[in-house]
Amino acid sequence: MSVSDFVVVANRLPVDRIVGPDGEEEWRTSPGGLVAALEPMMRRAHGAWVGWPGQADLHLDPFEIGGIDLIPVPLSAQEVTEYYEGFANDTIWPLYHDVIAPPQYHREWWDAYVEVNRRFAEAAAKAVAENGTVWVHDYQLQLVPQMIRELRPDVTIGYFHHIPFPAHGLYAQLPWRDQVLRGLLGADVIGFQRAQDATYFLTAVRRRLRYEVKGAAVTVPFGDGSTRTAMARAFPISIDTTPYLELAARPDVRARAAEIRESLGNPSRILLGVDRLDYTKGIRHRIKAYGELLSEGRLSVEDVTLVQVASPSREHVDAYVHLRDEIELAVGRINGDNDTMGHTAIRYLHQGYPREEMVALYLAADVMLVTALRDGMNLVAKEYIATRADNRGVLVLSEFTGAADELRQAVLVNPHDIEGLKNAIMEAVEMTPKEQSRRMRALRRRVLDNDVSAWSSAFLRALDEVHPH
Ligand code: GDG
């Protein structure tokens, strides 16, 4: 396969392996927003995407799909355990989400992380053309920018961090804190979701490495006394709005939304939560607040139903196994105490759904509950807004999401404050149509104007300014 001017590096390839009924295999592009955002540019620049195909011990040759070269990086079963489930999802993920769950620090996980990051960096260095551009994504690959720079000093390197970056007092726990900062600083532009994340990163750089920081610019010394500049600032990510607008207007999807309402017994208000089953998403706090509203009689199952989609996630990590048990115990108790033959308090769905069904759920929901304890951005909030073409519906949004920086007309809430959360849910349930529409109009303007292609253009423009070719 030839080299590319533009190479994306992410933990996962943007494809899923589909095995048919007779065992035949096929690769299908997964409908993620990142692919949609980068696709036009990938096609134009003969782009390549470096990533893991999603299955342990799978060694595949590069292949092409929809005009993009896919370069698979293999992981052994032990590397999946140590690099991916271990260091990425049981060390970095909890630490960077403000230690909501205790991070596990294991030296052998770190060793696997270094080794796998090197494999990704080598694959990218081989794939990129002279003076080309590499865009590295997310916390699984924080060492890759510096590793690519060592192998290929000619290329422009961008890095985008999809999750929060923690305050220095927490970041300082990481036994490999200096190595990770140096890894990230290999990039010309380091993008974060919120201005606060960029500030925390720059503080860590100043305090730990003692590099000079001026505004967003870091002076990074080379060993020989010369220096280069790396920029760290916020580029809040968004969604590809087109499929959401299209699906929300489709008669069959609208009919499905009506059918969902009907099958729930036509409650006067449907509340909805859609999350990966993750301790950062605040599902327990949400359910607790809702359960108290029912037991206090402020809400009744005759009028209101909460639909909670908790899509399966990281099921081999202990913290996720425990979380699932806790949530399912709480849901069982609340339903047991409140259900009638015809009405259920919480319709809990530990399942993943096609996007059509997700949009039907968004359309059916009068109130969307996004009450994460910490979230880099939260795209579900933006997807809900995109589908509300009639300007009806209320978004209850945690202050601790990146989205809260932009979506100021939501009902903003501190999810740790259960009384506050209960009041926010009541405010949303009781909001007049006029007030709903005033807020939703402003929210829609924000989401439709700042879509994912505006995000990727802004990032690549910044990259071009720091490292013009
Ligand atoms: C990370 C950061 C940041 C969920 N269940 C189903 C389904 N989904 C889709 C949603 C949404 C996506 O998954 C989840 O995105 P979020 O942004 O809400 O959260 P994370 O997965 O934690 O993503 C986050 C994001 O990266 C981007 O930078 O915003 O803060 O944590 O698109 O719709 N989609 C389908 N079926 C499901 O059952 N089809």
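Position 1 is the first residue of the sequence, and the numbers go up from there. Whatever order the structure lists ligands and atoms in, that order sets their numbers, starting from 1.
Counting the atoms of ligand 1 from 1 in the order shown, those under 4.0 Å from a heavy atom of Gly376 are 30 (O). Listed by number with element, the atoms of ligand 1 under 4.0 Å from a non-hydrogen atom of Met377 are 3 (C), 24 (C), 29 (O), 30 (O). Near Gly352, with a cut-off below 4.0 Å to any heavy atom, the atoms of ligand 1 are 38 (O). Each of the following atoms of ligand 1 lies closer than 4.0 Å to a heavy atom of Val380: 10 (C), 18 (O). Near Arg276, the atoms of ligand 1 lying under 4.0 angstrom from a non-hydrogen atom of the residue are 20 (P), 21 (O), 22 (O). Atoms of ligand 1 lying under 4.0 Å from any heavy atom of Met358, numbered from 1 in the order shown and given with element: 5 (N), 6 (C), 7 (C), 35 (C), 36 (N), 37 (C), 38 (O), 39 (N).
Between Val274 and ligand 1, no pair of N/O atoms sits closer than 3.5 Å.
Taking only non-hydrogen atoms, the option from Trp455, Tyr362, Tyr353 nearest to atom 37 (C) of ligand 1 is Tyr353. Taking only non-hydrogen atoms, the option from Ala310, Ser311, Gly402 nearest to atom 4 (C) of ligand 1 is Ser311. The option from His97, Arg355, His162 that lies nearest to atom 27 (C) of ligand 1, judged by heavy atoms, is His162.
Within a 4.0 Å radius of atom 1 (C) of ligand 1, the protein has no heavy atom. Closer than 4.0 Å to atom 9 (C) of ligand 1 lies none of the heavy atoms of the protein. There is no protein heavy atom less than 4.0 angstrom from atom 14 (C) of ligand 1. Taking a distance limit of 4.0 Å, we find that atom 30 (O) of ligand 1 is approached by some protein heavy atom.
Scanning the protein for heavy atoms near atom 19 (O) of ligand 1, the closest one is Lys281 NZ, 3.1 Å. Atom 16 (P) of ligand 1 has as its closest protein heavy atom Leu379 N, 3.6 Å. Protein heavy atom at the shortest distance from atom 32 (O) of ligand 1 is Glu383 OE2, 2.4 Å. The nearest heavy-atom contact from the protein to atom 24 (C) of ligand 1 is Asp375 OD1, 3.3 Å.
In this structure, Gln193 is part of the shell of residues with a heavy atom less than 4.0 angstrom from ligand 1. Note on ligand 1: Trp93 sits in its first shell, one or more heavy atoms being nearer than 4.0 Å.
Ion pairing between Glu85 and Arg314 fails under the 4.0 Å rule for side-chain N and carboxylate O. Salt bridge Asp252/Arg250: present, at least one basic N to carboxylate O contact under 4.0 Å. Taking 4.0 Å as the cut-off between side-chain N and carboxylate O, Asp197 and Arg194 count as a salt-bridged pair. Arg233 and Glu465 are not joined by a salt bridge, as no carboxylate oxygen comes within less than 4.0 angstrom of a charged side-chain nitrogen.
Formation of a donor-acceptor pair under 3.5 Å by the Arg269 side chain with backbone atoms of Val429 is found in this model.
Scanning both residues, Ser398 and Ala404, for their nearest heavy atoms gives O-CB, 3.4 Å.
Residues His285 and His416 have side chains in contact (heavy-atom distance under 4.5 Å, counting atoms from C-beta outward). With a 4.5 Å cut-off on side-chain heavy atoms, Glu356 and Arg256 do not count as touching.
For the side-chain contact (heavy atoms from CB on, under 4.5 Å) with Thr156, the lone residue among Asp188, Val128, Val189 that qualifies is Asp188.
Checked by atom type, the side-chain pair Gln308/Arg286 shows a donor-acceptor distance below 3.5 Å. Side chain to side chain, Gln140 and Asn89 fail the donor-acceptor criterion of an N or O pair below 3.5 Å. In this model, no donor atom of one side chain and acceptor atom of the other lie less than 3.5 Å apart for Asp90 and Trp109.
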